[in-house]
Amino acid sequence: MSNTLNLTLKVWRQDGPNGAGRFESYEANGIADDASFLEMLDVVNERLIEDGQEPITFESDCREGICGTCGIMINGKAHGPQKGTATCQLHMRKFSDGDNITIEPWRAESFPILKDLAVDRSALDHIIEAGGYITVNTGGAPDANLIPVPKEAADMAFDAAACIGCGACVAACPNSAAQLFTSAKLQHMNLLPQGQPERWDRAENMVETMEMFFGSCTNHGECHEACPKEISLDFIAFLNRDYVKAKIKNRKLLGQN
Amino acid sequence: MIGELNSNVPEGDIEGLWTQHKFDMKLVNPANKRKFKVIVVGTGLAGASAAATMGELGYEVEAFTYHDSPRRAHSIAAQGGINGAKNYQNDGDSVYRLFYDTVKGGDFRSREANVYRLAEVSVNIIDQATAQGVPFARDYGGLLDNRSFGGAQVSRTFYARGQTGQQLLLGAYSALMRQVHEGTVALHTRKEMVDLIVKDDKACGIVVRDVITGKVTSHSAHAVVLATGGYGNVYYLSTNAMMCNVTAAWRAHRKGALFANPCYTQIHPTCIPASDEFQSKLTLMSESLRNDGRIWVPKSHDETRAAADIPEDERDYYLERKYPSFGNLVPRDVASRNAKTVVDEGRGVGELKNGVYLDFADAIARDGEDTIRAKYGNLFDMYERITGENPYQTPMRIYPATHYTMGGLWVDYNLMSNLPGLFAIGECNFSDHGANRLGASALMQGLADGYFVLPYTVGNYLAPLLGTDPVDTSDPVFTEAEAEVNEQNQRWLSINGTKSVDHYHRELGKLVWNYIGMERDKNGLEKAITEIAALEEEFLANVRVLGSADTLNQSLEKVQRVADFFELALLKARDALDREESAGGHFRTESQTEEGEAKRDDERFQHVAAWEWTGKGNDPVRHQEELTFDYVLPSQRSYK
Ligand SMILES: Cc1cc2nc3c(=O)[nH]c(=O)nc-3n(C[C@H](O)[C@H](O)[C@H](O)COP(=O)(O)OP(=O)(O)OC[C@H]3O[C@@H](n4cnc5c(N)ncnc54)[C@H](O)[C@@H]3O)c2cc1C
Ligand code: SF4
């Protein structure tokens with residue numbers, strides 16, 4: 001049976017990329033606990049509009065936890081209190097009547113704030129552009145079953161490929177490092193047979209591009225705690241291994257193994 | 001004035017048609033390709049694959065998306081899988097069988113030649129995606145696994161856990177980013193197309209608004225490709241992503257592109273029912289659940305007990321009762337309509353009595369909870385996260401929701417609209433699914449169009465244009481359109497009414513759902529037209545959009561999309577009213593068999609209805625493209 005909650009929100013408002021920004025308080029009363037966190041914000045926004053105030057800007061798209069568009073800090077935690085859950089899948093039944101909730105955008109230098117809770121995460125795309133692909137022109141692919149992939153390898157590559165590019169790992173990291181994201185993207189390809197020809201170049205290019213935009217990893221592990229897809233820290237170890245090896249590998253001998 | 005609609009399907013035997021056509025089409029020599037500029041709007045599966053492939057070929061491509069990254073698009077949410085006629089399972093599948101199933105599944109309202117080509121290139125998609133590193137499911141020998149999906153009699157669906165759309169999109173996105181890196185594709189994120197520009201009867205560019213700065217700019221090219229997705233959000237509540245809308249296709253329609261079969265919409269039977277007014281979207285629960293779950297409602301209208309306390313003989317397993325041979329596995333439209341019937345009778349379940357049970361108790365008793373967890377664990381978890389109920393203990397509640405739109409911009413065999421130079425691919429065209437789409441074939445169509453069809457046919461259009469320059473963006477056709485966009489935005493901001501955009505979208509959605517939803521009839525459709533028009537009038541006079549046009553302003557983005565939804569909704573009602581037959585997802589209660597199945601009227605309606613815009617407030621003109629069936633002979637469906 002659904003209950004209703006009365007909440008007090010403290011929300012970061014910022015008019016634009018260059019605005020100063022400030023916290024504003026809002027009463028969110030009579031919120032059904034069946035609502036999702038973003039639906040709660042929808043309700044608050046409709047009330048703001050009725051009162052003649054500009055609604056809070058926040059981003060979302062699929063609202064099924066798969067597109068990676070949403071993402072806010074809720075009481076200081078990226079995506080809020082529920083483990084392995086993106087903001088859009090968090091529901092109000094995880095909160096209690098009378099709660100105070102602080103809502104902020106991702107905080108990271110490499111993710112400039114655009115307005116209120118919306119940030120610019122395009123730095124993540126630059127990492128992909130640097131090498132997060134397998135070079136195969138359309139039409140040039142062999143029959144799919146000509147490339148057998150051991151099931152364990154395929155499953156592990158999938159675990160990495162599950163990353164939704166939300167950027168929570170960066171937001172949660174005290175250094176704003178993007179190691180978890182980059183390692184997930186890198187190992188998705190580097191674990192597969194199809195990814196071997198470009199493995200070392202990919203490692204070098206993606207890691208070095210990452211370093212141009214993001215801070216360094218000092219193994220806090222906060223990224224994994226915040227990650228809605230619970231991407232494993234092992235991938236960071238693999239990234240480091242591949243990067244170091246890439247530096248000494250003679251690419252001309254790649255055909256030997 | 002638009003003449004006869006020509007599908008431009010070449011003559012010949014269907015099996016060799018596409019090969020012959022590829023040979024017959026004009027080619028652009030490799031060194032000349034970079035002299036042609038092509039705009040692609042949308043970077044979902046269809047757009048990303050098209051932009052990447054044309055970039056590889058050497059065209060100068062400009063790709064636009066209103067998302068912050070091409071990694072995100074509605075395509076990412078597809079769960080179940082993608083069909084490919086590989087016959088890896090040796091169970092009798094073939095290109096011809098996939099073709100046959102798709103034409104039949106579309107209830108004989110699609111173009112045979114297009115569907116055959118789709119089935120033919122389906123095998124190349126699987127190869128391409130695998131080579132890109134898409135982690136499809138594999139068996140222990142390391143080869144690809146398949147499953148049977150949506151009642152298909154062969155296992156031809158390739159899948160990547162429950163995240164097939166995500167993985168395919170990441171594949172297309174990676175191919176696209178490689179071309180961005182190579183410099184063949186210029187990527188414009190957070191740019192919303194707000195107008196199509198036509199000069200001398202040819203599409204020559206677009207006007208876009210930068211979502212962050214509000215700046216309105218023009219871009220010209222030799223050809224424009226729309227890959228902007230479906231219009232399911234005209235219902236407000238649907239399984240579509242929040243930002244899906246019809247605006248790009250609609251603006252093209254207003255500039256002369258025909259809009260085909262807007263009444264064809266797919267309603268998916270297994271979604272989580274709405275909780276309340278605040279509900280913002282609906283979540284799909286995979287179709288595969290119907291393999292083990294049993295669907296029922298209480299026999300009594302006044303039932304108040306919990307599911308477990310209702311004895312067997314007071315339950316109505318209505319699908320098993322009415323369709324003994326197919327039972328819970330009847331096709332999507334049949335399952336949906338039957339759910340509506342029992343809920344309308346007042347026998348719905350849940351607090352709002354707006355769902356039916358999907359019960360796993362028997363399956364758990366038979367196979368054990370572990371087996372069921374292994375099959376559906378992630379879906380059960382998702383259900384619990386959303387509803388707070390544990391489906392291992394209490395049955396799931398489900399209800400149908402809008403899921404996919406078969407209608408869209410009219411295109412010929414070359415995927416070109418009636419406006420030369422304007423192409424439409426993926427869900428935003430009407431091409432391959434007829435009146436109903438089979439499971440796992442939207443991903444296939446988007447990628448077939450983008451990787452394997454459009455890159456050829458676009459060349460055929462461009463070849464004769466060698467030596468011509470795109471229209472300059474200082475031309476009045478562009479500057480006047482830009483000025484109009486800016487003025488319209490100011491008009492929205494100055495209405496300053498009393499109700500939010502979402503309010504009107506929600507109210508519109510209710511009308512569309514009630515009158516143009518799972519069942520339609522003459523009376524309701526006529527009411528729909530009057531009531532939608534009245535609501536539109538109120539919306540235009542009373543919507544409240546705050547803020548300014550020169551910043552990120554989500555209400556301003558939404559208001560113009562909702563305005564287009566109003567116009568589309570009216571056309572949808574018109575189309576449904578004029579189509580006095582039932583076909584696939586379009587069910588007219590006046591036209592059903594004795595068994596309550598959709599009854600087609602092939603004499604009068606074996607055609608595509610393609611609508612021409614004639615100005616706001618004027619009656620649109622209905623054009624027809626006759627359909628012929630030379631290979632798959634039309635028959636009446638029956639699932640008894
Ligand atoms: C929950 C769910 C599950 C599904 N499961 C399956 C499945 O298992 N198998 C299957 O085959 N199909 C499935 N489908 C259907 C399938 O996902 C879609 O039909 C398909 O992905 C559509 O792809 P698209 O590229 O045409 O459009 P989209 O993915 O919707 O992409 C549209 C693109 O256009 C851009 N765009 C739109 N308008 C504008 C504009 N005005 N200006 C700039 N850019 C614009 C967007 O930014 C986006 O990049 C599912 C659908 C849903 C809702
Ligand atoms: S690694 Fe996790 S937290 Fe980081 S972007 Fe990917 S899904 Fe988000």
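Chain A is the first sequence line, chain B the second, and so forth, proteins listed ahead of strands; every chain is numbered from 1. Computation of the quantities below employed the complete heavy-atom set of this structure, encompassing side-chain atoms and omitting hydrogens, waters and symmetry-equivalent molecules.
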Let me know if [X] has heavy atoms under 4.5 Å from chain A in its side chain, its backbone, both or neither.
| X | value |
| --- | --- |
| B:T283 | both |
| B:D139 | backbone |
| B:T551 | side chain |
| B:L170 | side chain |
| B:E277 | neither |
| B:Q166 | side chain |
| B:I126 | both |
| B:N124 | neither |
| B:A160 | both |

Given a strict heavy-atom distance threshold of 4.5 Å, which part of [X] is in contact with chain B: side chain, backbone, both, or neither?
| X | answer |
| --- | --- |
| A:H126 | neither |
| A:L124 | both |
| A:E129 | both |
| A:N205 | neither |
| A:K185 | side chain |
| A:A162 | both |
| A:L192 | side chain |
| A:C163 | backbone |
| A:V43 | side chain |
| A:T135 | both |
| A:I127 | neither |
| A:Q53 | backbone |

Using a cut-off of under 4.5 Å for heavy-atom pairs, which of [options] has the most such pairs with chain A?
| options | answer |
| --- | --- |
| B:Q167, B:R161, B:Q554 | B:R161 |
| B:M177, B:R138, B:R178 | B:R178 |
| B:F158, B:F452, B:Y140 | B:Y140 |
| B:E182, B:K86, B:K499 | B:K86 |

Is the number of heavy atoms from other residues, nucleotides or ligands under 6.0 Å of A:F213 CZ greater than 12? yes
Would one find more than 12 heavy atoms of other residues, nucleotides or ligands at under 6.0 Å from atom NZ of A:K94? no
Could you tell me which of [options] has the largest number of non-hydrogen atom pairs under 4.5 Å with chain B?
| options | value |
| --- | --- |
| A:A144, A:A153, A:P148, A:A141 | A:A144 |
| A:R93, A:Q194, A:E54 | A:R93 |
| A:D116, A:I66, A:T57 | A:I66 |
| A:A154, A:P150, A:P142 | A:P142 |
| A:H91, A:M40, A:Q89 | A:H91 |
| A:L114, A:D42, A:L38, A:D120 | A:L114 |

Could you state the interatomic distance from CZ (B:R72) to SG (A:C62), rounded to the nearest 0.5 Å? 10.0 Å
For the residue pair A:F37 and A:F95, does the interplanar ring angle fall in the parallel (under 30°), tilted (30 to 60°) or perpendicular (over 60°) class? tilted
Do side-chain atoms of A:R63 reach the backbone of B:M242 as a donor and acceptor pair under 3.5 angstrom? no
Charged N-O contact under 4.0 Å between B:R506 and A:E46: yes
Under 4.0 Å between a Lys/Arg side-chain N and an Asp/Glu carboxylate O for A:R202 and A:D242? no
Looking only at side-chain N and O atoms, does B:Y159 offer a donor or acceptor that is under 3.5 Å from a partner on B:D145? yes
